[in-house]
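The next block holds one structure in the form of structure tokens; read it before the comments.
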Amino acid sequence: MVLPKAGTSAAAPSGDDAIQMNFGLDQARALLCGSGGAVNMAAASVDRHVAAGAGAHTALVCIGRHEERRSVSYAELAEMSDRAAAMLRGLGTRPGDVVAVLLGRGLDLYVAALGAWKVGAVFCPLFTSFGPGPLRSRLELAGARVLIAAEGAYQRKVAAYRDALAGLEHVLVIPEGESCEDGLADFRALIAAAPPAGAPAVTAAADPAFLHFTSGTTGTPKGAVHGHGAVLSHLATGRQVFGLSPDDVYWCTAEPGWITSTAYGLVAPLVAGCTVVVDEAGFDPRRWYDILKDERVSVWYTTPTCIRMMMRFGAALARSYRTNSLRLAASVGEPLSADAAHWGERTLGVPFLDTWWQTETGAIAIANRPSGAKPGSMGLPLPGIEAAVVTRQGKGVAAAADGVGELALKADLPSLFTAYVGDPERTRAAFADGWYLTGDLVRRDEDGYFWFVGRADDMIKTAAQTVGPFELESALLEHPAVAEIGVVGRPDPLVREVPVAFVALNPGFEEGEALRAELLTFARQELGAAIAPRDIHFVETMPKTSTGKILRRELKARAASEPADESGVVPPCPGHFDDE
Ligand code: PRX
């Protein structure tokens with residue numbers, strides 16, 4: 001295939017034939033946008049392949065927990081999502097309404113997302129590994145009108161406060177047994193009964209398509225809204241970073257709720273016409289090598305934590321599987337250390353590349369490429385993306401003086417979030433002088449490669465998941481024993497950091513093992529095991545600034561001086577473990 005030249009693209013590096021650095025946003029726009037720039041995520045990702053005659057091509061291969069396997073063609077996926085859209089419309093769902101989804105990886109998740117987009121509604125996936133507290137705050141902030149959930153997860157984590165969710169009109173569930181409980185509607189039965197007809201809603205690039213929550217250092221979680229135009233970035237980056245084409249079998253291990261699952265588990269591979277592997281189960285090294293081998297996966301996208309977990313099971317296990325269809329592997333979410341990248345390359349025999357982006361950027365912005373990769377670095381900005389290292393100065397920004405500073409991106413990316421839902425103040429604070437400020441501290445080397453230094457704030461990174469200390473602290477403050485609390489990340493060799501809490505007690509409560517266990521259980525029930533603090537330290541007084549703010553940095557230093565957990569026990573971590 002001869003590709004048109006891109007106006008904004010850098011020259012393609014030599015090395016990997018599949019990588020298409022010349023395929024930029026202009027090419028994506030030409031392929032995906034209709035008159036007046038209209039673009040719809042579902043039509044672009046699925047329907048257009050059917051219209052082009054590729055309806056019989058396999059879109060999804062869903063592998064169940066007991067390894068039952070179901071293939072779904074592009075034509076079938078188009079029809080299922082048409083029915084889902086008709087069903088949602090029948091319930092009164094209008095463009096701009098939020099459809100929240102509490103489902104694990106699986107066909108229902110894809111049908112729900114695509115159906116929502118076909119109505120012009122906003123898809124808002126939530127982490128099934130979260131407990132009732134974080135789910136409630138997100139559902140409230142999202143103002144969801146429809147919730148589609150696994151029935152068990154709904155009953156355990158939402159039912160108790162459903163009536164307090166003012167805007168929530170419909171709860172559709174995937175029943176655990178033959179039928180669902182009274183008051184709930186069966187998602188699959190409704191879809192089966194819905195008519196297949198109806199063209200997708202005509203949406204503009206800026207119309208909201210998905211809403212993903214990310215944590216803030218203070219205050220409520222931030223709901224980043226992305227427009228339908230993000231699909232342009234997903235198509236372009238899918239080609240530039242992974243070289244995706246319909247010949248690829250592509251597998252992304254991310255858990256729904258994390259933007260990686262929406263952007264690169266769903267949109268990017270489907271818009272490129274790939275076959276997407278969807279594994280419904282959690283992490284299991286043998287199962288994962290089996291999938292790479294048996295499904296003939298060609299491109300694999302995962303996290304550094306997963307690679308470290310695979311490393312623990314040894315290279316010999318990896319080499320006992322013939323994964324020779326694989327041509328590229330990559331990771332996101334936290335730094336991919338040079339040793340992990342090298343291990344991946346040695347054992348899988350393909351380039352193992354770091355990619356950088358965040359919930360707000362909506363798509364990969366910086367990445368290594370097969371030719372010229374610098375292991376340990378985040379890589380180079382993708383074509384058309386302008387990145388800088390800055391310091392904040394008043395309301396503007398200036399170039400960082402000593403080489404290390406905050407990573408800023410020119411705010412002209414179609415995938416960039418358009419707003420934090422209901423929070424114009426924090427939205428404004430994220431931009432200055434036409435730049436989006438990422439909150440990451442980086443350095444750029446003499447060749448232009450970016451190296452991750454740390455966060456500019458107190459966010460905790462655990463198993464590639466970004467966790468805000470404030471949310472964890474607020475949950476534990478609900479316990480009557482807790483007078484003051486500071487939560488920080490303790491370095492961890494496997495998952496990078498684990499959240500640990502420093503707690504000052506109210507009068508009348510005595511520190512000790514029993515209270516520690518009680519607080520840990522309380523936190524796990526409320527927050528979910530994936531993000532709850534792993535340890536509690538009792539303190540007499542909390543270190544504070546002169547203005548009374550808890551000095552998390554000092555707590556962090558204390559936590560870091562503790563011996564790391566070398567037990568080898570793999571902790572629960574989002575994206576890779578089961579719900580409970
Ligand atoms: O701190 C950076 C880190 O993860 C943050 C974004 O997290 P989240 O919004 O949950 O989305 C992650 C997946 C899109 C970033 O601000 N991060 C992400 N990728 C890398 C990284 N840190 C270092 N190296 C990376 N490759």
Side-chain angles (χ1 to χ4, degrees), residues 31-32 39-64 68-90 93 99 101 103-123 125 146 148 172 174 187-201 203 209-210 228 230-231 234-235 238 244-252 254 256 261-280 295 297-299 301:
L31 269 182
L32 304 182
V39 58
N40 178 283
M41 288 234 161
S45 310
V46 178
D47 294 5
R48 81 184 177 97
H49 300 305
V50 182
H57 191 57
T58 303
L60 305 177
V61 174
C62 301
I63 306 169
E68 60 281 21
R69 191 175 179 283
R70 176 171 180 191
S71 292
V72 178
S73 70
Y74 274 91
E76 287 171 317
L77 192 55
E79 194 204 311
M80 287 178 204
S81 49
D82 273 357
R83 287 181 191 274
M87 179 271 284
L88 287 169
R89 237 182 238 124
T93 312
V99 175
V101 173
L103 294 171
R105 284 176 293 261
L107 176 58
D108 297 304
L109 177 85
Y110 286 76
V111 173
L114 294 162
W117 291 331
K118 286 187 172 181
V119 186
V122 185
F123 170 59
V146 179
I148 303 170
L172 318 181
I174 314 297
F187 177 64
R188 291 177 184 161
L190 286 178
I191 289 181
T203 44
F210 54 86
H228 281 268
V231 70
H234 296 144
L235 180 61
L244 294 183
S245 83
D247 293 336
D248 281 307
V249 177
Y250 170 95
W251 180 28
C252 168
S261 158
T262 301
Y264 291 97
L266 195 168
V267 184
L270 288 181
V271 74
C274 305
T275 294
V276 184
V277 172
V278 184
D279 181 23
E280 294 177 13
E295 300 302 335
V297 171
S298 57
V299 178
Y301 200 28

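Side-chain atoms are counted along with the backbone in the values below, which use heavy atoms only and exclude waters and symmetry mates. Because the structure is a prediction, the values reported are computed rather than measured.
Remark: E295 CD to D279 CG distance equals 9.5 Å, nearest 0.5 Å. To the nearest 0.5 Å, atoms CD1 (I63) and OG (S71) are separated by 9.0 Å. Interatomic distance, NE2 of H234 versus CG of L244, reported as 12.0 Å (0.5 Å rounding). We find the CD-CG distance between E76 and L107 to be 9.0 Å, quoted to the nearest 0.5 Å.
Nearest approach of P256 to G104, heavy atoms of both residues: CG-C, 3.7 Å. Here the shortest heavy-atom pairing between S73 and A56 reads CB-O, 3.9 Å. Summarising the geometry of R83 relative to I191, their closest heavy-atom pair is CD-O, 3.4 Å, with the distance given to 0.1 Å.
When side chains are defined from C-beta on, F210 counts as touching M41, because their heavy atoms get closer than 4.5 Å. T262 is listed as a side-chain neighbour of P125, based on a closest heavy-atom distance under 4.5 Å. Put simply, the side chain of T275 does not reach to within 4.5 Å of the side chain of V277, judged on heavy atoms.
Pairs of residues two or more places apart, or lying in two chains, that qualify as side-chain hydrogen bond (donor to acceptor under 3.5 Å, both in side chains) and include a residue from residues 263-273 are T237-Y264. Identified under the side-chain hydrogen bond (donor to acceptor under 3.5 Å, both in side chains) test for residues 48-60, with sequence neighbours left out: none.
Classification of D82 and K118 as a salt-bridged pair holds, one side-chain N sitting under 4.0 Å from a carboxylate O.
The backbone N or O of W117 sits less than 3.5 Å from a side-chain atom of N40, completing a donor-acceptor pair. Using a distance-only test at 3.5 Å, with no hydrogens or angles considered, a donor-acceptor pair links the side chain of S298 to the main chain of V249. At least one donor-acceptor pair under 3.5 Å links the side chain of S81 to the backbone N or O of A78. In this structure, R105 contributes its side chain and V278 its backbone to no donor-acceptor pair below 3.5 Å.
In this structure R89 satisfies the salt bridge (charged side-chain N to carboxylate O under 4.0 Å, His left out) test with no other residue, sequence neighbours excluded. The salt bridge (charged side-chain N to carboxylate O under 4.0 Å, His left out) check on R70 picks up nothing, with sequence neighbours excluded. Applying the side chain to side chain contact (heavy atoms under 4.5 Å, CB included) rule to A59 yields the partners Y74, L77, L270; only residues at least two apart in sequence or on another chain are considered.
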Show every donor-acceptor pair shorter than 3.5 Å between a side-chain atom in residues 108-115 and any protein atom, with sequence neighbours excluded, or say none if there are none.
unit_1, atom_1, unit_2, atom_2, d
D108, OD1, R188, NE, 3.1
D108, OD2, R188, NE, 3.3
D108, OD2, R188, NH2, 2.6
Y110, OH, G265, O, 2.7

